[in-house]
Amino acid sequence: MASEAPRRGRGRRGGAWRVAGDLPLSLRYAMQGLGYGFVSQRNFRIHVITGAVVFGLGLWLQLSLDRLAVLVLTVAAVLVLELLNTAIESVVDLAIGRRFHPLAKIAKDCAAAAVLVAALAAVLIAALLLVPALLLRLGL
């Protein structure tokens, strides 16, 4: 009986309330969440594209591996927070529907603020790592 549980959840998101019984199913749910974030969230797409451009610029500027790792971690932190923001918004909407509630507003605003803080920090870190190398590359 326990071996049937993961099979029922495969192929349909309708079984998402079940705990994933194996690693491939867990990975599948994670990929579905990533796909949902990319397809439905404009800001997530902006962060993905911006991160790719920044990482490409870092490669072009031949930054050291530790500096590239900092860029990757910084971009990943923004993407993770954007996904958590989406999850929080969805749970709040599920809990209260289309009604206004001041606590729901606080939850959504704080989740969005977390993304904003991370994005601003990412811009600052990218500037600190990329601008000196870019100026050197341009001979300025």
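Worth knowing before you read on, the calculation uses all heavy atoms, side chains too, and leaves out hydrogens, waters and symmetry mates. In this chain, residues are counted from 1 in sequence order.
- Salt bridge status for K108 with D93: present, with a side-chain N to carboxylate O gap under 4.0 Å.
- Heavy-atom minimum distance, A126 versus V54: CB-CG1, 4.3 Å.
- The CG atom of L116 lies 4.5 Å from the CG atom of L120; values are rounded to the nearest 0.5 Å.
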Would W60 and L134 count as a side-chain contact (heavy atoms from CB on, under 4.5 Å) if you check the C-alpha gap in whole Å, the side-chain angles of each, and the deciding distance to 0.1 Å?
-> CA-CA 9 Å; W60 180 70; L134 184 61; 3.9 Å; yes
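- One N or O on the side chain of R45 and one on the backbone of F38 form a donor-acceptor pair closer than 3.5 Å.
- When all heavy atoms are compared, the tightest approach of I96 to A104 is CD1-CB, 3.4 Å.
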Should V92 and H101 be marked as a side-chain contact (heavy atoms from CB on, under 4.5 Å) after you check the CA-CA gap, both sets of side-chain angles, and the distance that decides it?
-> CA-CA 10 Å; V92 168; H101 192 287; over 6 Å; no
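- Taking every heavy atom of both residues into account, A127 and P132 meet most closely at O-CD, 3.7 Å.
- In this structure, CG in N85 is found 8.5 Å from CG in N43, a value given to the nearest 0.5 Å.
- Rounding to the nearest 0.5 Å gives a distance of 11.0 Å between OG1 of T74 and CG of L79.
- No side-chain donor-acceptor contact under 3.5 Å links R67 to the backbone of S64.
- By the criterion of side-chain heavy atoms lying less than 4.5 angstrom apart, applied directly or through intervening Ile, Leu, Val, Met, Phe, Trp or Tyr residues, L57 is grouped together with V70 in one hydrophobic cluster.
- Using a 4.5 Å heavy-atom cutoff, the side chains of L135 and V131 are in contact.
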Applying side-chain contact (heavy atoms from CB on, under 4.5 Å), run through L27 and L23 and close with a yes or a no.
-> CA-CA 6 Å; L27 181 61; L23 191 57; 5.7 Å; no
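- Looking at L68 and L129, their side chains never come closer than 4.5 Å, going by heavy atoms from C-beta outward.
- Looking at heavy atoms from C-beta onward, V75 lies out of side-chain contact with F55 at the 4.5 angstrom threshold.
- The cluster map of Ile, Leu, Val, Met, Phe, Trp and Tyr, joined by side-chain heavy atoms under 4.5 Å apart, puts L63 and V72 in the same cluster.
- Placement of L59 and L61 within a single hydrophobic cluster is found when ILVMFWY residues are connected by side-chain heavy-atom separations under 4.5 Å, directly or transitively.
- Follow the hydrophobic side-chain contacts under 4.5 Å out from M31 and you reach L83 in the same cluster.
- When side chains are defined from C-beta on, L71 counts as touching L130, because their heavy atoms get closer than 4.5 Å.
- Looking at V39 and F44, their side chains never come closer than 4.5 Å, going by heavy atoms from C-beta outward.
- Considering only heavy atoms from C-beta on, D22 comes within 4.5 Å of L25 through its side chain.
- Distance check, rounded to the nearest 0.5 Å: CD of E89 to CG of L94 gives 13.5 Å.
- By the 6.0 Å contact criterion, CG on L65 is open, its count of non-hydrogen atoms from other residues, nucleotides or ligands being 12 or less.
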